[in-house]
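Below, chain A is the first sequence line, B the second, and so on; all start at residue 1. We use all heavy atoms of the structure for the numbers below, so side chains are in, but hydrogens, waters and symmetry mates are not.
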Amino acid sequence: MFLAFKEMARAKVRFALLIAAIALLVFLILFQQSLQNGLITGFIGAIREQNAPVLVYSVDGQRVLQGSVITPDMEADILAAPGTGETGPIGQGTFTGLPSGNADGETFDTTLIGYELGPDGDGIGAPTTVVEGRLPTADDEGVVSDADVALGYDIDDTVTLLPGGKEITIVGVAENAQLNVSPTLFVSYDTYLSAVKSVNPDAGTPLPNVLGVIPADGFTPDEAVASINEQSLELDALTKQDAATETPGVAQVQQSFNIIFLLYGLVVPCVTGLFFLIVTFQKANSLTLLRAIGAPAGRLVSSLLIQVVVIIGVGLLIGTLLYYPVSQQALGGIALQFETAAVIFWSVLLLSLGVLSSLVAARRVLKIDPIEATTGQGVGS
Amino acid sequence: MTTAPAAVSTALQLNDVRKVYTMGDGSQVVALDHATLTLGSDEMVALVGPSGSGKTTLCSIAGGILSATEGTIVVGGEDISNHNAKELTKFRQDRVGFVFQSVNLVPFLNARENLLVVDELGKRTGAPARARADQLLEELGLADRAKNLPSQLSGGQRQRVAIGRALMNDPALVLFDEPTSALDTKLGEQVMELIQGEMKSRGIAAIVVTHDERITHYCDRSVHIVDGRLEA
Amino acid sequence: MKLALKELRRRPGRFATATVILTLIAILLMFLGGLLDGLIASSTGAIRAQNADAIVYSDTAQASFVRSRIDPELRAQVEAVEGVTEVGGIGNVQLGARVPGNGPRDLASVALFGYELAPDGVPDAPPYGQAWADDSIKADGVEEGMIIEVGPARTPIAIIGFVADTNFNGQSSLWASPDTWRDTLSANRPDAQLGPDVFQALIVRGDGANLPDAIDAATGGATDSYSVDGAVAAIPGVTEQQGTFNQIIGVTVAIALVVIGLFFALLTVERTSLYGVLKALGAKSSTIFAGLVAQAVVVTAIAAFVAGTLVILLDLLLPPGSIPLLITPSRIILSVVLLLVAAVLGCSFSLRRVLRIDPASAIGTTS
């Protein structure tokens, strides 16, 4: 322990550079973890957090809410499926919104998701993660996603849709309930219909985009999905989770990030392993000397491992500290979060990989023959 | 083969050279005290003294590796007493040869390339340097080892490569630092015979730093040094 | 410097691991850059291709086609602005297309544009019911002459040829006459249908210093006009993506710098005695440092070359549509340049040590 720390104190620049490299890598990995999660949640959080276990799109919609249209014929087919219990229409549109809570009078792309409220606002399609305020119980009331509050969409603020000037009052805030990385409001179905009309008077009455379905008694969501899809090739039924993950773009985001994480993750043990291997070679003579005067081999190896753990540990700490303030930001509409699970996962992974990579150096240490102290050969030659 | 400039009759002239180190706590250590020494242009001198006597310091100053605190140093007619670092560097490229105790060949260069290093770092004459290297290797009996790396040469062969390197720039003075300390008696004698032969046949001055009295007879005279002071 | 390069050649092993690490980092840089370029290209192709001095949306549209409407009166106002020489309407609708030979649930994503003024690389608008298609749609099995059925109303569109780099929002673009577009829109998106002669946006060509501003001023703010670059930047996500990715790329370059600095600092420590000998023999500090930098540059160049090859290979092997990767020579060159700069700067960590090496250390290890 003593040796381990003394050596690090004597070669501050080298060890500092190594810690810096690891800290930066850890920071980037954690930041991108937040980015990935924030991006995906921003894309399809609303779909994941609404309460209908099954969503039925039209095949033409290609699993995108705004592209899907449920005609009356399709609706009949869905109702006829044995797996269908209750259904409720869900409509989605993107509008230009002016939130009253925004001091600069800025306008934003605002998504409205309309659903049949039912008696207490908890109808099919309602958000399940309301943390402040309440669900809408009347027309022209809306629940917004938490990421949007900072932009001026807070409880008691009104959102004015342009053109047309229709106003919606915010009555509640739900967590992780964004769609398409834009401010999202859950409103009554009638509010949605009147919004469409107010903005484009030429429009007819829009049909619902998707139907939210509660499976009939005795049917799991997967079974309900299968039974509905059997009814017609025009229908594309999905469980809530599948609807979220199979939204176009989500899989791409995940695949891209996976490649990125793999590469960054490989760099850390490579840099650590290389560093300790070189350092071991460089102090060959002193290591041989220590062995000659009676230090057990195991002691030298544990000294090395202590250094590895300390270096990576400090790198993880600094990287996480750098990450923390960044994780509290909103990045262009994406709300980032401090992903504790990711921090733990990567800490364990990088520590393990780092220790593994230093075993190469440890092997070298164990191979030292104390007799070489007298002949002057040493590890390096 | 070129000869040393005929007009210069002394290879080295040290006059009243002092080297003082100031330690961290303000105290002073005198490594070399009023050293005066003259070497003829083809004289071989053994510098004998125990460890810590200052012989390395004197050698370093004579070779332009270290600056003196006081005194004058003239090597091969060039006064290096007040040379700055850049001038000393050039001086070492052109006028001095070193054979270090731990040989210190460049481990990833073969014998020939180790000789050419000096030219590489300095004048870059190209073909003439290569010709000279080949000739030196021949004269040192290493012609068939030219392409070997140091790890493939015996201790004595490495020593000879080092000597060849020291001779490459046709120096006024060659400094040998403990050339036999790592060798057994027989090999040590062989090396000293080689050194003596090469220095004398070329008429080059040399200082051989050693604490080994067995080899001083290879030199023209011995100079003893104790605690930084030269004795006659 | 020759010495340093000789060492590289004679002792490649000691540089091998550092080269591997740098290759990983170089792959990261090129991959991140390619991802950014791919995302941007597939969202913005249709706009970038426009040969326009101004693109005009209605004022509350937030630069979004879907929410923009330009009726004939507003268009007349724009046409009357001084400096305007040509005005063409444009609009689009995003739908799923059924391609012959594909499964019933396997639709191609398309953005159908109706246009009057042709963008660069796109011929003039074809007859009714026909369209030019972006060649990215070939990945969905579309061939020249094929008739695809667009949207829930299965509107037939015949593909008469292909164009390049005109995608919009990540979807393959189709370029058709305004009538084809308008009819397709009302058949498939009745809630978004537009009256005759109403377009979503205008493509404007003309002279004059700042045409977009001039147009907005002339219409009294009823329009929201952009230059082509401005319209590209206004596409949601573009500036955020660029900002975020460039930050990540920047930090990665910093990591490369630190790694190189680290590796060469270690190497310098190991070669202290060798450098001492060289200095004793007359080597200048600048020569030694230049050799160090030369090694760093060569190692980095090799890493960049290997990475470039691997990334290009990855790009070829990726099934189209899986990851939006676009590998361009300029991106690879930029990554290489950044890495080389990092290499040279990283060596600076070793400069002080090289300067401090004392040639006297070469003499006398014992006395």
Of all heavy-atom pairs between [X] and [Y], which one has the smallest distance, and what is that distance?
X: C:Thr60; Y: A:Pro163; result: OG1-CD, 3.4 Å
X: C:Ala265; Y: A:Leu17; result: CB-CD1, 4.4 Å
X: C:Arg105; Y: A:Leu235; result: NH2-O, 2.6 Å
X: A:Arg14; Y: C:Leu266; result: CD-CD2, 3.3 Å

Heavy-atom pairs under 4.5 Å with chain C - which of [options] has more of them than the others?
options: A:Asn200, A:Leu98, A:Asp109; answer: A:Asp109
options: A:Val13, A:Val271, A:Leu28; answer: A:Leu28
options: A:Ile22, A:Asp236, A:Val69, A:Leu25; answer: A:Leu25
options: A:Ile260, A:Leu266, A:Val196, A:Val64; answer: A:Ile260
options: A:Leu24, A:Leu277, A:Asn180, A:Leu207; answer: A:Leu24

Which portion of [X] sits near chain A, non-hydrogen atoms under 4.5 angstrom:
X: C:Thr252; answer: both
X: C:Ala256; answer: neither
X: C:Leu32; answer: side chain
X: C:Ala153; answer: neither
X: C:Arg353; answer: side chain
X: C:Gln193; answer: both
X: C:Leu95; answer: backbone

Using a cut-off of under 4.5 Å on heavy-atom pairs, state which of [options] scores highest against chain A.
options: C:Ile255, C:Val258, C:Thr239; answer: C:Ile255
options: C:Arg69, C:Gln94, C:Arg98; answer: C:Arg98
options: C:Asn188, C:Asp106, C:Leu107, C:Leu39; answer: C:Leu107
options: C:Val259, C:Ile27, C:Leu314, C:Val251; answer: C:Val251
options: C:Leu35, C:Leu325, C:Ile248; answer: C:Ile248
options: C:Leu28, C:Leu267, C:Leu194, C:Ile21; answer: C:Leu28

Exercise. What's the verdict on side chain to side chain contact (heavy atoms under 4.5 Å, CB included) for C:Gln62 and A:Leu162, showing C-alpha distance, side-chain angles and the deciding distance?
Worked result: CA-CA 10 Å; C:Gln62 297 267 86; A:Leu162 301 172; over 6 Å; no
Which atoms of [X] approach chain C - backbone, side chain, both or neither, heavy atom under 4.5 Å:
X: A:Ser58; answer: neither
X: A:Gln66; answer: backbone
X: A:Val279; answer: side chain
X: A:Tyr264; answer: both
X: A:Asn229; answer: both

With a 4.5 Å limit on heavy-atom distance, are the side chains of [X] and [Y] in contact?
X: C:Pro152; Y: A:Thr71; answer: no
X: C:Ile25; Y: A:Val267; answer: yes
X: C:Val66; Y: A:Thr94; answer: no
X: A:Ile278; Y: C:Glu270; answer: yes

Problem set entry | Partners meeting side chain to side chain donor-acceptor pair (under 3.5 Å) with C:Ser172 (sequence neighbours left out) |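 C:Ser172: side chain to side chain donor-acceptor pair (under 3.5 Å) contacts with C:Ser136.
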Problem set entry | Interatomic distance, A:Leu263 atom CG to C:Phe31 atom CZ [nearest 0.5 angstrom] |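 Separation between the atoms: 7.5 Å.
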Exercise. Roughly how far, to the nearest 0.5 Å, is the CG atom of C:Leu36 from the OG atom of A:Ser256?
Worked result: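 A:Ser256 atom OG to C:Leu36 atom CG measures 11.5 Å (nearest 0.5 Å).
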Problem set entry | Heavy atoms from other residues, nucleotides or ligands near CZ of C:Arg154 exceed 12 (cutoff 6.0 Å) |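 Yes, the 6.0 Å shell around CZ holds more than 12 heavy atoms from other groups.
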For this session: Answer yes or no: is there a donor N or O on one side and an acceptor on the other, between the side chain of A:Gln255 and the main chain of C:Ile323, under 3.5 Å?
Result: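 Such a contact is absent between A:Gln255 side chain and C:Ile323 backbone.
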For this session: Say whether, by atom type as modelled, one donor and one acceptor occur between the side chain of A:Gln252 and the main chain of C:Pro324 under 3.5 angstrom.
Result: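 Here the side-chain-to-backbone pair does not exist.
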